[in-house]
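Okay, so here's the structure we're looking at.
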Amino acid sequence: MLKQKQQQYPEDGQPLSASTGVQFAEFTKGKKRKRKGAELETVTLEKDNGRAGKGSQRKGAGKLMRFNEEGKAEGYPIKDQEKAPVQPIAHRKPESRPKGHTIESQPRRQQPGNPKPSQGNPPTHLLKRRDALLPTRKSLPIWPHAEPIRAALRKNNVLVLTGETGSGKSTQVPQFLLSEPWCTKTIAITQPRRVAAISLARRVAEEMGSLMGNQSPAAKVGYSVRFDNATGPGTRVKFLTEGMLLQEMLRDPEMSQYSAVVVDEVHERSVNVDLILGFLKNLVAGIEKVKKRKTPLKVVVMSATADVEALVQFFGDGVKTSIENGKIEAGDSESKISNSHVSIGDKPEKRDTAKMIENFDQKPTEDSHDQISTCFVEGRQYPVKTIYLPQPTQDWVESALKIIFQIHYKEPLPGDILVFLTGQDTIEGLEKLINEYAQGMDSDVPKLLALPLFAALPQHAQQRIFTPTPHRTRKVILATNIAETSVTVPGVRFVIDCGKSKIKQFRNRLGLESLLVKPISKSAAIQRKGRAGREAAGQCYRLYTEKGYEIMEERTTPEILRCDLSHAILTMKARGADDVLNFPFLDRPPREALEKALLQLLHLSALEETGAISEMGLKMAKLPLTPTLGRVLVEAARPERDCLLDVVDIISALSVENIFLNLVTEERKEEAEAARRELYRREGDHMTLLVTVQRYSEERSDRKVWCEKHFVSHRAMQNVMNIKKQLLQQCSQLKLLTSTELPASSSSEAKTQAGLACILRGFISNTARLMPDGSYRTLMGNQTVSIHPSSVLFGRKTEAIVFSEFVFTGKAWARGVSAVQLDWVSEVIEAIM
DNA sequence: GAGCACTGC
């Protein structure tokens, strides 16, 4: 069977014949250009061709590879960043690191005569490095735009900047603004991911000849991410994650420490970025009831895709329009803008990069903030040829397999293949098939090395994609959409895109979330394709037809339209944006979703009957937890509960991915069951988590060995301890930690009951009772739910349950389950209804 | 007796 199939792959390196069922319609430029709606694609191709020669001639381009062309060391996830904050990004090429020293170690070797950093002058080697980097900076596409950008922000408070991949916007824009007369304080630049914030800060520090913020009081550059704050009194450029800035905005509503906020990667449209933009809009327009700033806050919104119109409209009169229309449709706003506005400078279609700033009045008012500047900066990308399937396929694992071997036989090395798949199971399935087929290859054919890549994969296995490809070998990286944004895989010239991805969707009616395999959007398809053209010209095989591409949605549905909104709304209320139905949303969630979330917050007593935020709600909003978990924590601090320390342990464990390792074989599973038995508690999963965290904390000899013995993830437990520490700090700040709790003050039975009562208070909508037929039905909603097989209560019958997770995967499952008494549940429900 | 894309405070 295997042999037969192998013979379908010709050995002479010719493409597969029609008999194999794989044939591709070639993507032709001319044909495509005439087609409307595919313009973005066409434009990229055109421009790519134009830039290819330039790019390849560019000297020193390769040396910058550790950063992408924006000077951004794109997010290889170093999970234990806080443990190794100065660890070089995993895929940095050794030669691209500063030679002979690191920024971190050098200061200790200061010669006595050299100026000390604390005296305000950076060490000379930093200045040398700064000067050496200047030519590279000057060659970035954004460099010629420095003056227009400065001029635009002198005139207006808001700038929308579209910069394609490789334009250099993330590193250069803050540096352009630093010397401006209005810029007397700090510039904040937000990033969706920790690694990006950290590595951008490092890069900009190098370019500015500065130390990192926590190394010297004079250091000008810093970053701030959870568990890792590297800022100091002299920090003028501060990279932070979106979540970090949101927390700051709750504590300092007028953002008094900043002169400007640069919101980067807006096109990714995280819930956090949507909230930040809404708050900034209110702040810039003076709508929010915050203390007025003495100087206006400058706002730069940066996006990779040309969504300028929507953003301009948003900061212009967006609020009004969006309320009138209920929901802004992308197409709608586009046509409106183009009718009422002149051209906004160079569109992507043009290759010429003349001055691109043009201001245009949205509507004349006395306020200058109604004027928004826009700017487009081209990127640096090699051309990528797109190849579609002639016929749609159901079995993309099979199609991918054929194309992998077709490329392998036909295309010369080097040139690795990146395959986008939906999840772990399809990845592992394809990996197995590749290895089977590769065994049958002739010895004169180069080898194939299949490497899986998904977030749940252990760190060391993920690292394998960065190790140099062995001689006469082609890597095939099988990835989820982690490779779309979070990880840049080096060496890729061929992309195979299955056109699907798993998307989480919250169902308001049922109050549960489900994970669905859905077609990706055009913008995601373009993003995936672009991964083939980062180092050289490439090819993208799409496992769908050209028609299939054309019927894709233009862009991925923003997260705010498909998630549980209770956290977002609590944040809004905590910031004083009381009227959530009229909040300036870039995309307005359906009314039903907003109301569902408001009701949920009311049930948690985070809101008063009037809809105003309660004192409890304010505390919950300041905790790095979902509203439900926040509520559990606040409940535990009440004197009559008095079980805060236990509950912090449980919540910390609930805040990380599974702390119990997932075992594959039956044998290992049984082994794990036996080893964990001493941790399991009949009260359920929450008390089991508590015991596990307690035992781990008590372990004084070797915690790693303890974890191995109990089949517990050491990495997850380290994370639990970090979160625990942070929660305890915040509890003390919020005056929650004033209880007289003593470990021996009450019986363990009473403590368990108190802990469960707190969990019940937070998760009151996630409760179910046992029915006579043995099934469970939720008490608020009357839906059938089953205890997930991963629970210690699986297969057990108890009169009522409370669960911390409610997911739908073929069937409604309760995960993280505790047994409770039915009258406890009824009591709480009666009290809140 | 099931199955889990990806971030982040």
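Residue numbers begin at 1 in each chain, while the letters A, B, ... track the order of the sequences.
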Practice prompt. Using atom CD1 of I520(A) as one end and atom C1' of dC6(B) as the other, report the distance to the nearest whole Å.
Written response: 14 Å

Practice prompt. Check salt bridge (Lys or Arg N to Asp or Glu O under 4.0 Å) between E431(A) and all other residues, then give those that pass, not counting sequence neighbours.
Written response: none

Worksheet item: Without hydrogens or angle criteria, can the side chains of R715(A) and Q459(A) be said to hold a donor-acceptor pair below 3.5 Å?
Response: yes

Item to complete: Mind checking L515(A) for me? I need base, sugar-phosphate or nothing, with any heavy atom below 4.0 Å counting as a touch.
Response: base

Worksheet item: E265(A) has an atom CD; how far is it from atom P of dT7(B), in whole Å?
Response: 14 Å

Worksheet entry | Any pair counted as salt bridge (Lys or Arg N to Asp or Glu O under 4.0 Å), so long as it reaches residues 268-279 of chain A, sequence neighbours left out | R193(A)-E268(A), R269(A)-D274(A), R269(A)-D587(A)

Fill in: Sugar-phosphate, base or nothing in reach of T480(A), heavy atoms under 4.0 Å
sugar-phosphate

Worksheet entry | Sugar-phosphate only, base, or nothing, as touched by T809(A) at under 4.0 Å among non-hydrogen atoms | sugar-phosphate

Practice prompt. Give the rounded distance in Å between these two atoms: CZ of F454(A) and P of dA5(B).
Written response: 8 Å

Item to complete: Rounded to the nearest angstrom, tell me the gap between atom CG in D425(A) and atom C1' in dC4(B).
Response: 9 Å

Item to complete: Report which part of the nucleic acid K669(A) touches: base, sugar-phosphate, or nothing (heavy-atom distance under 4.0 Å, all strands).
Response: base

Worksheet item: So what does E242(A) touch, heavy atoms closer than 4.0 Å: a base, only the sugar-phosphate, or nothing?
Response: nothing

